[in-house]
Number of protein chains: 2
Amino acid sequence: MDFYNQTGKMAIGSRLRQLTDKITADAADIYKLYQIDLQPKWFPVFYALAQGNLTITGIARQIGHSHPSVSKIVAEMSDKGLVTEKKDKEDGRKNMVSLSRKGKVLAEKIKDQYSDVTNAVEAISKEAQHDLWKAIEEWEFLLNRKSLLQYVAEQKKQRESKKVRIIPFKPIYAEAFKKLNEEWISAYFKMEDSDYKALDHPKEYILNKGGAILVALYEDEPVGVCALIKMDDPEYDYELAKMAVSPKVQGKSIGWLLGQAIIEKAKSLGAKKLYLESNTMLKPAINLYYKLGFKKVAGRATPYERCNIQMELEL
Amino acid sequence: MDFYNQTGKMAIGSRLRQLTDKITADAADIYKLYQIDLQPKWFPVFYALAQGNLTITGIARQIGHSHPSVSKIVAEMSDKGLVTEKKDKEDGRKNMVSLSRKGKVLAEKIKDQYSDVTNAVEAISKEAQHDLWKAIEEWEFLLNRKSLLQYVAEQKKQRESKKVRIIPFKPIYAEAFKKLNEEWISAYFKMEDSDYKALDHPKEYILNKGGAILVALYEDEPVGVCALIKMDDPEYDYELAKMAVSPKVQGKSIGWLLGQAIIEKAKSLGAKKLYLESNTMLKPAINLYYKLGFKKVAGRATPYERCNIQMELEL
DNA sequence: TATATTTGCGTAATTAGTTACGTAAAAAAC
DNA sequence: GTTTTTTACGTAACTAATTACGCAAATATA
């Protein structure tokens with residue numbers, strides 16, 4: 001079965017963890033080889049302190065651990081006499097940590113181990129074609145900018161948007177056309193007379209007057225609709241109206257696909273300028289209109305009470 | 001201070017762990033995004049079982065975990081009804097684990113997540129110059145062949161052998177010449193008369209007769225010695241004898257360096273063939289002689305009781 | 001100046017794995 | 001055919017980190 005033929009990358013976390021384990025498993029033995037009485041997990045703290053005294057949170061920030069982790073490690077190192085703790089005089093909350101004399105001696109003694117381990121890692125790198133060190137650096141950078149979750153979410157959206165088909169209105173979608181619009185209108189406002197007219201009789205009030213309606217299908221179910229209504233106006237050819245997308249299919253860019261399709265439709269009908277009315281309460285919708293290229297314009301008469309913003313798009 | 005200027009690589013374990021954490025931190029949210037009721041840590045087990053039924057240790061081997069870890073995960077998955085456990089009929093110790101119907105449904109449902117995550121990882125890889133995936137693969141391979149500890153030990157040896165100097169005998173090393181030899185001889189055997197002669201009077205018994213002595217210094221302390229004794233023999237020019245290295249400096253290739261130097265010395269004296277006597281009890285020594293190129297030969301008369309092996313080297 | 005918020009840090013609980021160890025079944029050795 | 005060794009697997013304890021939480025000191029705000 002081809003079910004798992006691509007599953008490899010899915011386990012990248014597990015795989016990384018195992019490589020980490022393999023590398024750190026040897027760490028204790030390496031310290032033993034040099035007769036350095038230091039636990040491997042202490043090393044980042046030790047390293048930070050060798051460069052200067054720091055507070056608990058200061059160390060944590062530098063080495064990228066949580067502060068409780070540092071707190072514990074410092075306590076352990078203190079037990080072994082490697083570090084000394086001292087309350088900061090100026091800020092009573094701070095715990096200044098520094099290497100003790102014994103710690104400094106160890107820092108001197110560990111030099112050889114440093115250079116040998118560094119050379120060993122570099123020797124391994126030389127045997128390898130691909131630079132693990134630089135690859136880690138890059139991944140750290142990339143994942144700092146955008147998390148793996150975000151990358152995955154993008155892929156999901158992209159894949160799902162491929163399942164969306166935009167098609168012209170057919171009578172079997174009359175019910176969906178009404179329901180999808182009614183859903184959001186009555187959630188935010190109240191259905192008005194002019195709503196019922198257009199939603200109950202799309203053929204008469206929209207199509208026969210030279211308008212158009214598009215339907216978005218997701219897995220062959222109607223989940224979004226949008227209409228172009230012919231306007232009797234010297235400036236505008238059509239009004240973009242009755243756009244509705246089911247909340248069940250959010251995050252699949254259906255509004256965006258529908259909007260783009262209706263603009264294409266308007267162009268093919270020879271339109272030069274589109275108009276729409278909305279309400280600033282509907283932030284995602286307004287956002288979408290901006291993304292589609294619409295711009296805010298000054299007010300004009302409207303049959304809808306709920307409208308407080310008007311927009312236009314030059315094609 | 002240049003103390004830590006090369007310390008970066010030393011923390012490769014820590015750094016890898018942190019990248020792992022960053023990647024796995026998102027894992028739970030990714031499962032949530034797809035409404036897959038699976039803990040990320042279950043994934044490798046789930047994956048293995050989707051390919052066929054397995055025993056606990058079978059799963060552990062496949063996914064590279066310890067068996068107690070698998071045992072625990074299977075118990076958790078069993079609680080959730082994702083897998084079923086069943087004693088093997090033929091081998092009562094074995095616990096055959098398989099995906100339940102619910103598990104199989106989930107395996108079907110998770111497909112989309114697989115492909116999205118795979119694509120996300122590949123998208124990140126495309127943004128990076130260095131291929132983390134391949135780099136991990138290479139490191140796994142290289143570390144399987146030779147552990148990090150071994151790599152480090154090699155570096156240590158190499159560095160330390162640079163601290164070794166091989167110099168000609170001087171009277172101030174007379175005491176060391178005797179002590180180093182006495183140390184190992186009396187540990188394994190008993191000092192004999194001929195030992196005392198050569199060790200107490202190296203000038204008379206070795207040097208003045210046309211032989212040579214080399215001393216290995218480690219940090220300017222004499223830690224190893226070796227002699228070439230002129231032989232009155234038609235076949236052999238010199239006997240390699242009185243080789244001793246302090247056990248305190250083991251693992252620094254001092255025997256090897258001393259052996260090579262004494263062979264060079266023999267060549268420069270115009271020797272064509274070297275001879276030596278030893279005892280098979282002294283395995284590291286015999287090994288060293290083989291490495292230096294010596295070959296076993298049939299017996300000849302010897303003043304030493306302790307000898308049971310004789311070797312020669314053609315120069 | 002009194003109060004609210006932020007910061008530093010310690011303790012406790014949790015997590016995802018490990019090693020250590022014990023038991024029982026199967027296989028090998030005598 | 002009995003004894004010893006190996007194998008399968010579960011439980012318990014440990015490890016190296018985390019998050020959650022609470023207290024006290026410092027800082028900001030009204």
Side-chain angles (χ1 to χ4, degrees), chain A residues 11 13-29 31 38-46 48 53-79 83 85-97, chain B residues 11 13-29 31 38-46 48 53-79 83 85-97:
Chain A
S14 275
R15 196 163 188 184
L16 259 177
R17 200 192 47 71
Q18 273 175 42
L19 180 59
T20 308
D21 285 351
K22 189 170 255 153
I23 288 176
T24 51
D26 277 8
D29 289 330
Y31 283 88
L38 201 70
Q39 282 189 42
K41 66 163 174 166
W42 295 349
F43 175 73
V45 172
F46 184 75
N53 306 347
L54 284 166
T55 63
I56 298 287
T57 43
I59 299 170
R61 258 193 306 275
Q62 274 215 5
I63 71 175
H65 278 200
S66 63
H67 84 261
S69 164
V70 173
S71 177
K72 230 187 282 177
I73 289 170
V74 165
E76 289 170 17
M77 290 175 77
S78 187
D79 278 353
V83 300
E85 300 173 71
K86 205 169 73 191
K87 270 239 148 75
D88 189 289
K89 272 172 224 149
E90 304 189 346
D91 187 339
R93 298 165 304 175
K94 289 183 179 170
N95 179 359
M96 284 302 294
V97 187
Chain B
S14 275
R15 196 162 188 186
L16 259 179
R17 201 193 46 71
Q18 272 173 42
L19 180 59
T20 308
D21 284 351
K22 190 170 257 155
I23 287 176
T24 51
D26 278 7
D29 289 330
Y31 283 89
L38 201 70
Q39 282 190 41
K41 66 164 173 165
W42 295 350
F43 175 73
V45 172
F46 183 76
N53 306 347
L54 286 165
T55 63
I56 297 289
T57 42
I59 299 170
R61 258 193 305 277
Q62 274 215 4
I63 71 174
H65 279 199
S66 63
H67 85 261
S69 163
V70 173
S71 178
K72 231 187 283 180
I73 289 170
V74 165
E76 289 170 18
M77 291 174 77
S78 187
D79 278 353
V83 300
E85 300 173 71
K86 205 169 73 190
K87 270 239 149 77
D88 189 290
K89 271 173 223 146
E90 304 189 346
D91 187 338
R93 297 166 305 176
K94 289 183 179 169
N95 179 359
M96 284 301 295
V97 187

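A search for side chain to side chain donor-acceptor pair (under 3.5 Å) contacts involving B:K94 returns nothing, not counting sequence neighbours. Among residues two or more places apart in sequence or in another chain, the side chain to side chain donor-acceptor pair (under 3.5 Å) test is passed with B:Q39 by none.
Of all heavy-atom pairs between B:K86 and B:N95, the closest is N-OD1, 3.6 Å. For A:W42 against A:I73, the heavy-atom pair with the smallest separation is CD1-CG2, 3.5 Å. The two residues B:G13 and A:I23 make their nearest non-hydrogen contact at CA-CG2, 4.2 Å.
Across the protein-nucleic acid pair, B:K41 atom NZ and C:dT14 atom P stand 14 Å apart, rounded to whole Å. Remark: P of C:dT18 and CG of A:D21 are 7 Å apart, rounded to the nearest angstrom. B:F43 places its CZ atom 13 Å from the P atom of C:dG17, with the value rounded to the nearest Å. If you measure from atom CG of A:L54 to atom P of C:dG8, you get 13 Å, rounded to the nearest angstrom.
Taking a heavy-atom distance under 4.0 Å as the criterion, the stretch of DNA chain D touched by chain A extends 5' to 3' from D:dA16 to D:dA26.
Using a 4.5 Å cut-off on side-chain heavy atoms (C-beta onward), A:L16 and B:L19 make contact.
For the contact set between residues 62-78 of chain A and DNA chain C, defined by any heavy atom under 4.0 Å, the members are A:H67, A:P68, A:S71. Near DNA chain C, meaning a heavy atom under 4.0 Å away, the residues from residues 88-97 of chain B are B:E90, B:D91, B:G92, B:R93.
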In a table with atom names and distances, give each donor-acceptor pair under 3.5 Å that connects a side chain of residues 56-72 of chain A to protein atoms at least two apart or in another chain.
{"from": "A:H65", "atom 1": "ND1", "to": "A:S69", "atom 2": "OG", "distance (Å)": "3.1"}
{"from": "A:H65", "atom 1": "NE2", "to": "B:R17", "atom 2": "NH2", "distance (Å)": "3.3"}

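A distance of 13.0 Å separates NZ in A:K41 from OG1 in A:T24, rounded to the nearest 0.5 Å.
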